[in-house]
Amino acid sequence: MKPVLSMREVWVEFRLATGSPRVKKSVHALRGVNFDVFEREVYGIVGASGSGKSTLLKVIMGFIKPSMGTIEIDGINLLKVDRETRKSIIKKIGYVSQNPLTAVDPRFKVKDIIAEPLKAAGVPKSDIVKILPTLIEAVGLTPEVMELLPYELSLGMLQRVVIARAIAAKPRVLLLDEPTSALDSVTQSHITVLLRELRELFGYTSVLVSHDLRVVSRLADKLAIMLAGLILEEGLVADVLNRPLHPYTQALIDSLKLKEMKEVLVADPRVCPYYTNCTQRLEEKCRVLPPLVELSNTRKVRCWLYA
Ligand SMILES: Nc1ncnc2c1ncn2[C@@H]1O[C@H](COP(=O)(O)OP(=O)(O)O)[C@@H](O)[C@H]1O
Ligand code: SF4
Ligand SMILES: [Mg+2]
């Protein structure tokens, strides 16, 4: 079986302004990211703030250019094709960004926001009028909402609109960036339920990233744990939750709360990023970054305890 989406050795480096042309500083937001997402699979990525989750989705959307690597959709490398081909492939990706407030044009009515990808896909106006009520209903909104402007909606309703827009044109891949993190806890669980229902209804292929392990565990088939731009562990959700291998994953599951990046990150990119906090570290060995080792078809881990 071939993957729908595939990333190989994707690196992203941001140059930081230092105030001096002679002093060069940079952040590696992604450090050789590799993963595959298969048809109708939801690939979940959990990572603390700053671990590179949004960058990973933005790089697929073409908003950020990687310094190295390949990103393939249905076997086509997005970084090697011409602009027009890339644009037409990206049109088939649904994207829900981190903040619903900045995701929409405040001057557009709900019906126009949701219709955007349909128009872009060349769907005739007469068909759009028929599709819109179905979409509105699918995301749990009522038809009156169509005539409203974004400021007239609650944050939860707006997120439903953003999700309706993302699924409107039946995307080949759906990218969800922290779809619940801007919402209060009740609305968070409503949106999680909605995403589960939509998945059952449409069976989408998706990448879902969040700092919240609980949200990702409820929605994903596979789970990857990310820290400092690196995937530290990958496996089927139940396997990772029931038998976490990486010490960082173990700590995450124990606390079910991600620690702030500042507390755990090791500045030296040659060292395991979890070195400072790891209770199982092997003093000398772990000063070298371990490779991501494939333990089985469905399990990978980046830790010297398993290499
Ligand atoms: N445009 C940018 N310029 C400089 N650094 C950036 C930029 N975007 C992200 N970063 C840095 O890259 C790292 C990953 O950021 P991000 O992908 O937003 O993380 P997450 O979504 O997991 O919180 C962070 O260290 C962040 O500060
Ligand atoms: S490589 Fe070493 S420091 Fe890093 S998580 Fe594994 S045991 Fe801990
Ligand atoms: Mg983010």
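Order of appearance sets the numbers: ligands from 1, and atoms from 1 within every ligand.
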| task | Look at ligand 1 and say whether Gly229 reaches it with a heavy atom at a distance under 4.0 Å. | result | no

| Does ligand 1 have an atom that lies less than 4.0 angstrom from a heavy atom of Gly47? | no

For [X], counting its heavy atoms only, list the atoms of ligand 1 lying under 4.0 Å from any of them.
| X | answer |
| --- | --- |
| Ser49 | 23 (O) |
| Val27 | 25 (O) |
| Ala48 | 22 (O) |

| said: Please determine whether any non-hydrogen atom of Trp304 lies less than 4.0 Å from an atom of ligand 2. | reply: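 The answer is yes, since Trp304 has a heavy atom less than 4.0 Å from ligand 2.
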
Is a salt bridge present between [X] and [Y], judged by a nitrogen-to-oxygen distance below 4.0 Å?
| X | Y | result |
| --- | --- | --- |
| Glu72 | Arg8 | no |
| Lys300 | Glu233 | no |
| Lys285 | Glu283 | no |
| Asp221 | Arg199 | yes |
| Asp239 | Arg299 | no |
| Glu234 | Arg302 | no |
| Glu84 | Arg86 | no |

What residue and atom, counting heavy atoms only, is the protein's closest point to [atom], and at what distance?
| atom | result |
| --- | --- |
| atom 15 (O) of ligand 1 | Thr55 OG1, 3.8 Å |
| atom 4 (Fe) of ligand 2 | Cys272 SG, 2.3 Å |
| atom 22 (O) of ligand 1 | Lys53 NZ, 2.8 Å |
| atom 12 (O) of ligand 1 | Ala29 CB, 3.4 Å |
| atom 8 (Fe) of ligand 2 | Cys278 SG, 2.4 Å |
| atom 9 (C) of ligand 1 | Phe14 CE1, 3.4 Å |
| atom 24 (C) of ligand 1 | Gly50 O, 3.7 Å |

Enumerated ligand 2 atoms positioned under 4.0 Å from heavy atoms of [X]:
| X | value |
| --- | --- |
| Leu305 | 7 (S) |
| Arg281 | 3 (S), 7 (S) |
| Pro290 | 1 (S) |
| Cys286 | 1 (S), 2 (Fe), 3 (S), 7 (S) |

| Hey, would you say the Tyr248 and Tyr275 ring centroids sit under 6.0 Å apart? | no

| message | So, regarding Ser54 and ligand 1 (criterion: nitrogen or oxygen to nitrogen or oxygen, under 3.5 Å), is there a contact or not? | response |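 The answer is yes, given that Ser54 and ligand 1 share an N or O pair closer than 3.5 Å.
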
| query | Under 4.5 Å between side-chain heavy atoms, hopping through other hydrophobics if needed: is there a path connecting Leu132 to Leu201? | reply |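 Same hydrophobic cluster.
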
| message | Would you say atom 4 (Fe) of ligand 2 has Cys303 as a near neighbour, meaning an N/O/S atom of that residue under 2.8 Å away? | response | no

| message | Let me check your reading of the structure: within less than 2.8 Å of the Mg ion (ligand 3), is there an N/O/S atom from Ser49? | response | no

| task | Decide, counting backbone as well as side-chain atoms, whether Thr55 has an N, O or S atom less than 2.8 Å from the Mg ion (ligand 3). | result | no

| Should the proximity of His246 to ligand 2, defined as any heavy atom under 4.0 Å, be assigned to the side chain, the backbone, both, or neither? |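 It is the side chain that gets close, since no backbone atom is under 4.0 Å.
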
| request: State the CG-CD distance between Leu135 and Glu137, to the nearest 0.5 angstrom. | output: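 Those atoms lie 10.5 Å apart.
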
| said: Looking at atom 26 (C) of ligand 1, tell me if a protein heavy atom falls under 4.0 Å from it. | reply: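 Within 4.0 Å of atom 26 (C) of ligand 1, no protein heavy atoms are found.
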
| With a 4.5 Å limit on heavy-atom distance, are the side chains of Leu176 and Leu174 in contact? | yes

| said: I'd like to know if the side chain of Thr70 pairs up with that of Asn77 as donor and acceptor (distance under 3.5 Å, no hydrogens or angles considered). | reply: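 Note: Thr70 and Asn77 side chains miss the donor-acceptor criterion.
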
| task | May I ask you to check whether Ser54 and Asp177 show a side-chain donor-acceptor distance below 3.5 Å? | result |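 Yes, side-chain donor-acceptor contact under 3.5 Å.
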
| query | Relative to the ring of Phe35, is the ring of Tyr43 parallel (under 30°), tilted (30 to 60°) or perpendicular (over 60°)? | reply | parallel

